[in-house]
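Convention: sequence-line order gives letters A, B, ...; per-chain numbering from 1.
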Amino acid sequence: MAFWLMKSEPDVFSWDDLVAKGATGEPWDGVRNYQARNNMRAMKLGERAFFYHSRGSAPAVVGISEVIAEAHPDPTTEDPRWECVDVRAQAPFPRAVTLAEIKAEPRLAEMVLVRNSRLSVQPVREEEWRLVCEMGGARP
DNA sequence: GCCAACGTTGGC
DNA sequence: GCCAACGTTGGC
């Protein structure tokens, strides 16, 4: 069981937008980066991902989403190279965990979020997952 | 709004 | 296959 982190600009598609989609969820389309696509290809049904708000006033992990459809062609392009998974909101973080808090935690220094801030879909280690959940008061 | 870091493109 | 130029992302 792997863990993931997916970024979204809250002005474009926020956690609340995903919550509003309910059980139907949302295709995570528009990704045009090979590493991010490869990560989506590796996602399995039922695996979970942090929902991260980038470019907001305070970039932060704000919720947990769940994969409800494995990789399939991205409906927003004819280009067969690009694929997406579908996700739905599973649970909000009682307290958002900001990037500043993550950077201040030495045990999270190896997170992809810290080391390669530009990758929009990234793996999270199990111990990192548990720690971030704990920091946000979320059930891991 | 600025700018550093990174990924992609395209000429050679 | 190299690398400069360019575009995009995202923190601040």
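In terms of phosphate contacts, A:K103 brings a side-chain nitrogen or oxygen within less than 4.0 Å of OP1 or OP2 of C:dC12.
Every residue meeting the salt bridge (charged side-chain N to carboxylate O under 4.0 Å, His left out) condition with A:E66, not counting sequence neighbours, appears here in chain and number order: A:R88. For A:E134, there are no salt bridge (charged side-chain N to carboxylate O under 4.0 Å, His left out) partners at least two apart in sequence or on another chain.
Here C:dT9 presents its P atom at 14 Å from CG of A:D11, a figure rounded to the nearest Å. For the pair A:L119 CG and C:dG11 P, the computed distance is 12 Å after rounding to whole Å.
Judged as a ring-ring contact (aromatic ring centres under 6.0 Å, His included), the pairs with a partner in residues 64-87 of chain A (not counting sequence neighbours) are, in order, A:Y34-A:W82.
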**OP:** Using a 4.0 Å heavy-atom cut-off, write out nucleotides 1-7 of chain B from 5' to 3' as B (base contacted by protein), S (sugar-phosphate only) or - (no contact).
**Re:** ----BBS

Donor-acceptor contacts under 3.5 Å from residues 118-133 of chain A side chains, at least two apart:
unit_1	atom_1	unit_2	atom_2	d
A:Q122	OE1	A:L113	N	2.7
A:Q122	NE2	A:L119	O	2.9
A:E128	OE1	A:R125	N	2.8

What side-chain donor-acceptor pairs closer than 3.5 Å can you find for residues 89-99 of chain A, not counting sequence neighbours?
unit_1	atom_1	unit_2	atom_2	d
A:R95	NH1	A:M135	O	2.5
A:T98	OG1	A:E101	N	3.1
A:T98	OG1	A:E101	OE2	3.1

